[in-house]
Amino acid sequence: MAAPAEVEAAAGPTEADETVELSRVLGRLLPGLEADSKMGRRRALEALQRALEEVVPPGADPTAFQGPWARLLLPRLLRLLADPAEGCRALAVHLLDLGLRRAARPCDALPRLLPALAARLARPEPARPPPEPCEELRLALVQLLGLAVRLGGAALAPHLDDAVRALRSALLDPFSAVRRESCECASALARATPEHFHMQSESLIGPLMQTISHQHWKVRVAVIEATGTVIQFGNGKSVDDVLSHFAQRLFDDVPQVRQAVTSVVGGWLLNLRDRYSFFHKLIPLLLSSFNDEIPEIRQLATSLWEKIGLQWQEENEADLKDKLDFALAPPPHYPLQESRPGLGCRELVFRNLSKVLPAICRDITDWVVGTRVKSAQLLPVLLLHAEDHTTQHLEIILRTLQLACADEEKAVVSSCMRSAELIGTFVSPEVFLKLILSMLKKAPSSASLLVLSSVIRGCPCDALQPHLKVIATELTQAHVCQASENGLYLEHLLLCVQALVSTCQEGCSVASLQLMEVLVTIMAVSGATGLGDKAQETMNALAAVENVPSSQDLYRKHMGPLLERLTASHSDWTVHSIELLQFSVIVTHSGPAVGESLQHVVPTLRACLQPAKDPHMRLKLFSVLSSVLLRPKDTIDSQGQFPGYLEMVLKDILAPNLQWRAGRTAAAIRTAAVSCLWALTSSDILSATQMQEVQEALMPQVLATLEEDVQTTRLISCRVLNTFLKTTGDTMDPDKLIKIYPELLKRLDDVSTEVRLTAASTLLTWLQCVQSTEGRAYYQSSIQYLYRELLVHLDDPERAIQDAVLAKYEHSGHRSCPEYVVDVVLTHRSLKDLDSWSMLQELLLVWHQVVLRTRITPAAEIQAPDGGALDDGRKLGKVLKEGSILFPDLLVRETEAVIHKHRSATYCEQLLQHMQAASAAQ
């Protein structure tokens, strides 16, 4: 016992000596703090700083420093906080910081320090600036306040009013560093006085929420973290005041801010005293981070949520005993890409879903895009936790999804589709189909169809199979599949069929007909958009699951019922009728199957192509008929049955529509009809006898169409006549054959070069038909007239026409017309042109080699004209003389008739002399 007493006695004088020495030093310097000049006060403060650092080093005994600090130094330094000189105030703050750190009992300074700090930081009025004008000094004062809070601890409780008053002002300081330091100080104050802080915490929430949207992200992070601590150790009721601000920070562009929100909300759910009262408000905030774009934030949210679920499960183990002891396996067909949440997490969501869901459903239709996206992303997370408990809230969820799936934002629609898939996974089809199909009946929309397709895609096959036909039948109803021609509506309707095919696979056979009807409708209504190709791909997929080779086999399977249903109303069709479009799709896409259903197709065409029907509808149907006639063996005549309907096609379809009627629409219909006739006659399905029937039935109408104003009609009519002449010309009645060439000659004057060429080709075929007949003398006058007209067209401005006319002579085989060639060619205006001269050379060769069957000088040896005269007239005269042996009298008459038209009569006179000599010789 003696030793400690001796030590204490030895220590006492040392501590007293240090105190005396420090008091002596301070007593010498303190009067300078009262100097009138700021330089004097500044020098005194600087000297005081040096003295304290020398006399009271960091390792010195704080007890010796406590007395002089509290009695002499502290009051004077606090007064200097209001010194007019900024430098003096800065030195005073520094010395106060130094004194607090080295004093033995810093708590003793709080009663005087905190009011002084509040006086320098707190604003007298909210609109006025703080008393301390210098930003750096305000930062130093807040740092000094933070130091006092950390050193004072629980002793700060009596002075909470002053501390909070200073922080309220500092949290709204214009200087961002002051705000950040104030947030740290507020957190430290909350931790230091947990038993008393709840009485003052609410007064800090307002300034914190005013600062939470600061432009500096570090300030926002500091505010969020400070708010978490203030509410954690303060009044839990303040959660309601900050929830909306925290929700807005989840949209922050800076990941650190979103991470801070996630961390704080997770901490509240784990540690907040009143957390059970706020589960339904805090859970949506935490689960919203499950879809954050930053992996670290997603991982943080997942980790916190697992801890929350486990903690709640342990706290409520008694209530969950049965579920823990008899845990159920995951629902069948649980999404493979998802991991099932724990029991505590699922129960938390389920028990709070009725409170959370209305707010989410309201926010999904908010006017702000970001809010809609976040709410839509949160909904599938909640449904994944709720599982089969979703059934209780199915009506409001489906109604919300129907609205949200019409959103213009793709992210919203994508999340809603995911929610609908989860409904299909966890809810019985009997329940969700009752609600969805009723929505479709009331007001079909693309959004409703999108919800239905997503639900089907998420539903297990075995659960959906019994309801497959009901769904398909509803989709075929006119108020659904024919409700709109909008591309988006049809695309979502197609998604429903695709979902049924991909989900049910082979089971689709029970509703194959209904699904085909929907696909045909989509292909019919979609028009030229790419949706028709997607529908065809779906048709191929449906054929694949039914184990048939192609979609055409699928048509063959259902062709009868499809056409029976469609054609039942054909008497009421117009160009706008969807049934007409469906009929067109079936006929053009079914391939060989259409040849098995001619008993439905041809009568329908006959009824709809009558002249009294809608002209636009008739044009559409003629286009369909032409398309199948172009490849008859693969379509309309695949079974060889079409000839049995030939008479109906000719007399009841083509003939009435080839009759002339006034108007452009009627002209267009005649063009379409003659196009069908061309497709029919150019195919190989008609025998010679049948072709004869076609020719006899439609020849007058075809000849009449040669005078049409439409160039296409005239062109196709020439081709049809050419086909008639090639196939039946040699058996045609001479009187009918003679009636053809005058109409073709008129076409040689056509404005279209293509029509003139085709007419010339058809005339060539006509000449060949005349050659093959035995009574050629019957046609001599007609041929004479024909060649006279043809020789005129050797002067046609188009070289192709000249070549075509020249071909008539090469293939004519007649010996009665060379004199007309000489008559016309020698009077052509274009004889001076080299091309016309070359033509004349070729023509003379043709006469001699084809008609006279003798050889003459090659065309290359006949020289071109020079200055309007022939260089070698003797060669031309020789050809004419040799050709005169056929009809010399006729040649003399024709020569005498044209001699006065020639520029030079020399060669004509020589020809006449030759003819006279030949006659005398005989």
Side-chain angles (χ1 to χ4, degrees), residues 592 594-595 598 601-602 605-606 609 622-659 670-706 708 712-744 747 755 758-775 779 811:
V594 71
L598 294 181
V601 175
V602 178
L605 290 173
R606 177 184 60 182
L609 287 173
F622 271 127
S623 175
V624 172
L625 182 57
S626 297
S627 65
V628 295
L629 286 174
L630 288 174
R631 43 189 182 90
K633 289 299 182 182
D634 297 328
T635 55
I636 201 166
D637 195 44
S638 61
Q639 307 301 315
Q641 299 176 1
F642 180 73
Y645 295 89
L646 182 60
E647 183 178 0
M648 186 184 299
V649 171
L650 296 178
K651 295 182 178 180
D652 298 335
I653 296 178
L654 294 179
N657 288 282
L658 286 172
Q659 294 295 328
R670 290 194 296 276
T671 302
V674 79
S675 299
C676 286
L677 179 59
W678 164 244
L680 175 62
T681 55
S682 61
S683 64
D684 56 353
I685 60 173
L686 299 180
S687 64
T689 304
Q690 292 165 345
M691 186 65 77
Q692 182 71 26
E693 294 177 8
V694 175
Q695 181 263 126
E696 292 176 354
L698 300 178
M699 178 63 80
Q701 290 88 339
V702 174
L703 290 175
T705 56
L706 288 173
E708 287 285 344
T712 304
T713 308
R714 301 194 303 271
L715 177 64
I716 297 175
S717 298
C718 288
R719 291 175 178 172
V720 171
L721 283 175
N722 199 0
T723 303
F724 283 165
L725 292 171
K726 286 180 179 179
T727 55
T728 64
D730 52 351
T731 61
M732 191 179 298
D733 183 78
D735 293 334
K736 294 182 178 179
L737 192 60
I738 287 178
K739 293 179 181 180
I740 296 176
Y741 84 92
E743 302 299 329
L744 292 174
R747 289 307 99 216
V755 173
T758 307
S761 177
T762 306
L763 279 171
L764 175 60
T765 306
W766 186 87
L767 288 171
Q768 292 172 346
C769 293
V770 173
Q771 286 181 359
S772 62
T773 60
E774 296 180 357
Y779 300 99
H811 297 86

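We count residues from 1, following the sequence as given. Side chains are part of it too, since the values below use all heavy atoms of this structure and drop only hydrogens, waters and symmetry mates.
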T723 and T765: side chain to side chain contact (heavy atoms under 4.5 Å, CB included), yes or no, with the steps? CA-CA 9 Å; T723 303; T765 306; over 6 Å; no
Verdict with reasoning, L706 to C718, per side chain to side chain contact (heavy atoms under 4.5 Å, CB included): CA-CA 7 Å; L706 288 173; C718 288; 3.6 Å; yes
Worked verdict on D637 versus V628 for side chain to side chain contact (heavy atoms under 4.5 Å, CB included): CA-CA 9 Å; D637 195 44; V628 295; over 6 Å; no
Could you go step by step and tell me if F642 and V601 meet the side chain to side chain contact (heavy atoms under 4.5 Å, CB included) rule? CA-CA 11 Å; F642 180 73; V601 175; over 6 Å; no
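The shortest side-chain heavy-atom distance between T635 and L629 does not fall under the 4.5 Å cut-off. At a threshold of 4.5 Å between non-hydrogen side-chain atoms, the residues I653 and Y645 do not count as touching. Contact annotation: the side chain of L605 never approaches that of F622 to less than 4.5 Å [non-hydrogen atoms, C-beta and beyond].
Residue K633 qualifies as enclosed at atom NZ: its count of foreign heavy atoms under 6.0 Å is above 12. Counting heavy-atom neighbours within 6.0 Å of E647 CD, excluding the residue itself, gives a total of 12 or less.
A distance of 6.0 Å separates CG of L646 from CD of Q690, quoted to the nearest 0.5 Å. Within the model, atoms CZ of R719 and OG of S675 stand 10.0 Å from one another, a figure rounded to the nearest 0.5 Å. To the nearest 0.5 Å, atom CH2 of residue W678 and atom OG of residue S683 are 10.0 Å apart. How far CZ of R747 is from OG1 of T762: 12.0 Å, rounded to the nearest 0.5 Å. The line from OG of S717 to CG of L698 is 11.0 Å long, rounded to the nearest 0.5 Å. Atom CD1 of I636 and atom CG of D634 lie 12.5 Å apart (nearest 0.5 Å).
In terms of heavy atoms, L744 sits closest to A759 at O-CB, 3.9 Å. The two atoms that bring R714 and E708 nearest to each other are NH1-O, 2.9 Å, heavy atoms only. In terms of heavy atoms, Q701 sits closest to L658 at CB-CB, 3.8 Å. The nearest pair of heavy atoms linking L650 to P656 is O-CD, 4.4 Å. Scanning both residues, M699 and F724, for their nearest heavy atoms gives CE-CD1, 3.6 Å. Summarising the geometry of I738 relative to W766, their closest heavy-atom pair is CA-CZ2, 4.4 Å, with the distance given to 0.1 Å.
Between the side chain of N722 and the backbone N or O of T758, no donor-acceptor pair lies under 3.5 Å.
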